[in-house]
Amino acid sequence: MFQPYTMKGIPRGLLLLLFSAFTISYAQIPAGYYTPATGLTGTALQQALHDIIDNHTVVSYASLQSTWFQKTDKKTNGKVWDMYSDIPGGTPPYEFSFIAADQCGAYSGEGDCYNREHTFPQSWFNGASPMYSDIFHLYPTDGYVNGRRSNYPHGKVGTATWTSLNGGKLGNCVSPGYGGVVFEPRDEYKGDFARSYLYMETRYFNEGSGWDNTDMTTGSQLKPWAQTQMLLWNVLDPVSPKEIARNDSIYKLVQHNRNPFIDHPEYAAQIWPAYAPQPGTYTWNVASGSWSSSASWTPARTVAIPGDILIFDGSVRAVSSVTVDFTAPQSVARLRVINNANVTFTGTTAAGLVTIGVTGAAPPQLEVASGSTLTVNSTGVLSFNLPSGYSAGISGNILFQNAAHQLTGTGAGSIVFNSGSVFTAGTGFSGAPFGTTASGAVTFAGGSSYVLESGLPPFGAVAPASVVVFQSGSLYKHKANSAPSLSGRTYSNFEIDSPAFNQSVTAGTSACTVDNLTVTNALLAGFDFPGGCTIRGNLQVIAGTLRFNPAPGTLKFDGTTAQTISGAGSLEVGANCNVSIGTASITLLNRNLSLGKDITILQGGTLTINPGVTLTVNGVAVIN
């Protein structure tokens, strides 16, 4: 007996919330159009939607080909948008034009001509009106492929007996509950066809008494296996701009009704909750495997649902290598790296996107626990995105290598690196790891570290804007021979540690503010920009040379607690640089210092020179 998908450790209440994440807010839905459906579920919701979209304007079947498909199914290049031949993001094997010569007629193979495809074959409703010309389930498609599909249901193919040039397949069905012949469209259009079926069920709800019962339908309603398959496709292939534009055109120009499941795909789970795909919790179980392999997870992740929780647990697999083998965007409720897990995402896939967070998922939606490490070293770019309202809590380590990977948030403070965590922009990394637009989205809390070995400076945006906020006690460690971002920037602890570092920053009129500034190793670190620098903590040069020589500018010490200047390295304060001591208490420890210009000690400020230490002022010393 057929069984709908079962829940795997997720509260059922999350299910409806999951689908609400896919509401399309930018379709041109008339104000109040769906008000009668508000708050309803189950058959009450289906009946309310039926009443809203019922009694549509009926157009002739002939006019679809002569007139309306040109309004609803035209590509940007003017060609016919045929879902049985199109290859989104690629080059289709052929295209049709809206001319009589391209319309069927006879055909002997793909590319000969196009005609009209009934998603619900007309024999299922005996060719009756208004279903016969209802454009919401009619599409312009290749005549030969349409003929091969015949009256077979749409479903999941196991072994294909025939495959179209764009990847559509005919073969035995492996959708649970049915084993007959089905036609499976390519992945990018499965949601389009699924939402056409859901429309037909709802537009003709309680109107299918004279319709045939088929392998896929009972009257106007889908059988359980098909209901489950269509609700799954509704989730796996979200509403596209193509569908939104088509829905709006049909409403405005053709039938003057809408497909509710394009405007509100979450309605599907609210009407048929028993057949909606259920999110699960899956734990990685192999030392090395691919993201998309069901066998890489426990339990087997045979169906990937946006509400899934994915866990890398060090107590199950201490070290894991995950091959990124997807190009279609992925979506999960949570991604957790816990219990000292060491996880590496690798592979050569050109690009991959993982969106983390659905309504109802417990925060943080992205978690890297203390002692755990998430490494991304795939040569193709891998991006993790947290939409508005979702968060990341990082207490372990994240390392990006080999490409311009990203971890992006939306709201201020949505990504937090907690005390003890380390983010490293490692070898071969390029770009801005946290994106360039979300101001204040990333917080490095006290005790956390940002280590730059490669790539752009951490801030992502043009000063004074910044995607990253360094809180007091955090560390920014610069380990590349590249110019850091200084003008208009605020750091807590700033360290330069690269034996090859040889940079002079000369551009920028806004001051840089630093708590503790340390040069552990460098050939030359030149803070030579006119904006100058304010130091609120200690200044230490362990090895190499640190130079302040803005033209003109000021090196200002303005801490609220005692500050020191120390280290055996070279500290140069050039002829263009004034030194100002505000209310700070400065001690010159175990090193000589020569100032190339003036020094001003303001009221409340002190400068202590330890015994055996020399301070040389090659300008004017002013004590207020």
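Every value quoted in this text rests on a predicted model; they were computed, and no experiment measured them.
- Here CD of E453 is found 5.5 Å from NZ of K479. Values are rounded to the nearest 0.5 Å.
- No donor-acceptor distance shorter than 3.5 angstrom exists from the side chain of N610 to the backbone of L589, with no hydrogens or angles considered.
- Two residues are said to be in side-chain contact when any heavy atoms from C-beta on lie closer than 4.5 Å; R536 and T534 meet this criterion.
- Judged by distance alone, the side chain of Q406 and the main-chain N or O of A432 form a donor-acceptor pair under 3.5 Å.
- Contact annotation: the side chain of W284 approaches that of V322 to within less than 4.5 Å [non-hydrogen atoms, C-beta and beyond].
- Looking at T375, L374, V376 one by one, the single match for side-chain contact (heavy atoms from CB on, under 4.5 Å) with L399 turns out to be T375.
- Between F326 and L382, some side-chain heavy-atom pair lies under the 4.5 Å cut-off.
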Stepwise, does the side-chain hydrogen bond (donor to acceptor under 3.5 Å, both in side chains) test hold for D313 with S315?
-> CA-CA 5 Å; D313 187 338; S315 66; 2.6 Å; yes
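- The minimum heavy-atom distance linking I338 with A369 is given by the pair CA-CB, 4.0 Å.
- Using modelled atom types and a 3.5 Å distance limit, the side chains of T600 and N624 yield no donor-acceptor pair.
- Annotation for P458 and V468: closest pair O-CG2, 3.1 Å, computed over non-hydrogen atoms.
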Step-by-step side-chain hydrogen bond (donor to acceptor under 3.5 Å, both in side chains) determination, T506 to D528 = CA-CA 5 Å; T506 59; D528 300 331; over 6 Å; no
N592 and L615: side-chain contact (heavy atoms from CB on, under 4.5 Å), yes or no, with the steps?
-> CA-CA 6 Å; N592 298 325; L615 173 66; over 6 Å; no
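- Contact annotation: the side chain of I398 approaches that of F400 to within less than 4.5 Å [non-hydrogen atoms, C-beta and beyond].
- The shortest distance between side-chain heavy atoms of R301 and L310 falls below 4.5 Å.
- Counted by atom type alone, T606 and S585 present one or more donor-acceptor pairs between their side chains at under 3.5 Å.
- Here the side chain of T410 pairs a donor or acceptor atom with the backbone of L386 at under 3.5 angstrom.
- The CG atom of L517 sits 11.5 Å away from atom OG of S492, with the distance rounded to the nearest 0.5 Å.
- Side chain of N481 to main chain of N502: a donor-acceptor pair is present (N/O by atom type, distance under 3.5 Å, no hydrogens or angles).
- Proximity of the aromatic rings of F444 and Y491 is defined here by a centroid distance below 6.0 angstrom, and this criterion is not met.
- S474 places no side-chain N or O within 3.5 Å of a backbone atom of S448 that could act as its donor or acceptor partner.
- The side-chain heavy atoms of L407 and F384, taken from C-beta on, include a pair separated by under 4.5 Å.
- Put simply, the residue from Y476, F459, F494 that forms a ring pair (Phe, Tyr, Trp, His ring centres under 6.0 Å) with Y450 is Y476.
- Atom CD1 of I599 and atom CG of L555 lie 9.0 Å apart (nearest 0.5 Å).
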Before giving the answer on side-chain contact (heavy atoms from CB on, under 4.5 Å), spell out for N377 and T344 the whole-Å C-alpha distance, their side-chain angles and the decisive distance to 0.1 Å.
-> CA-CA 7 Å; N377 68 9; T344 299; 3.6 Å; yes
Given D558 and T583, is the side-chain contact (heavy atoms from CB on, under 4.5 Å) satisfied, shown in steps?
-> CA-CA 6 Å; D558 197 21; T583 58; 3.8 Å; yes
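- The two atoms that bring S454 and G426 nearest to each other are CB-O, 3.2 Å, heavy atoms only.
- Between the side chain of R317 and the backbone N or O of N285 there is at least one donor-acceptor pair closer than 3.5 Å.
- Under the 3.5 Å distance criterion, with hydrogens and angles disregarded, a donor-acceptor pair is assigned to the side chains of T564 and N538.
- Taking CZ of F548 as the start and CG of L571 as the end, the distance is 6.5 Å to the nearest 0.5 Å.
- Of the possible donor and acceptor atoms, none in the side chain of T513 sits under 3.5 Å from a partner among the backbone N and O of T490.
- Side-chain atoms of N385 and L353, non-hydrogen and from C-beta on, do get closer than 4.5 Å to each other.
- With rounding to the nearest 0.5 Å, the separation of CD1 in I623 from CG in L607 is 8.5 Å.
- Looking at S293, its side chain never comes within 3.5 Å of a backbone N or O of S290 through a donor-acceptor pair.
- The aromatic rings of F434 and F423 are tilted relative to each other, their planes meeting at an angle between 30° and 60°.
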Residue pair T379, T348: steps toward the side-chain hydrogen bond (donor to acceptor under 3.5 Å, both in side chains) verdict = CA-CA 5 Å; T379 54; T348 58; 5.2 Å; no
side-chain hydrogen bond (donor to acceptor under 3.5 Å, both in side chains) between N578 and T554, intermediate numbers included | CA-CA 5 Å; N578 292 309; T554 300; 4.5 Å; no
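- Note: F345 CZ to H405 NE2 = 11.0 Å, rounded to the nearest 0.5 Å.
- The backbone N or O of Q365 sits nowhere less than 3.5 Å from a side-chain atom of E367 that would complete a donor-acceptor pair.
- Counting heavy atoms of neighbouring residues, nucleotides and ligands inside a 6.0 Å radius, atom NZ of K597 exceeds 12 of them.
- Between A438 and G409, the closest heavy-atom pair is CB-O, 3.4 Å.
- Considering all non-hydrogen atoms of both residues, F501 and S482 come closest at CE1-O, 3.2 Å.
- Although no hydrogens or angles enter the test, the distance criterion places a donor-acceptor pair under 3.5 Å between the side chain of S487 and the main chain of S510.
- Between R489 and S466, some side-chain heavy-atom pair lies under the 4.5 Å cut-off.
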side-chain contact (heavy atoms from CB on, under 4.5 Å) between S472 and D515, worked out | CA-CA 8 Å; S472 177; D515 288 343; 4.2 Å; yes
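- Shown here for A341 and G314, the closest heavy-atom pair between the two residues is CB-N, 3.5 Å.
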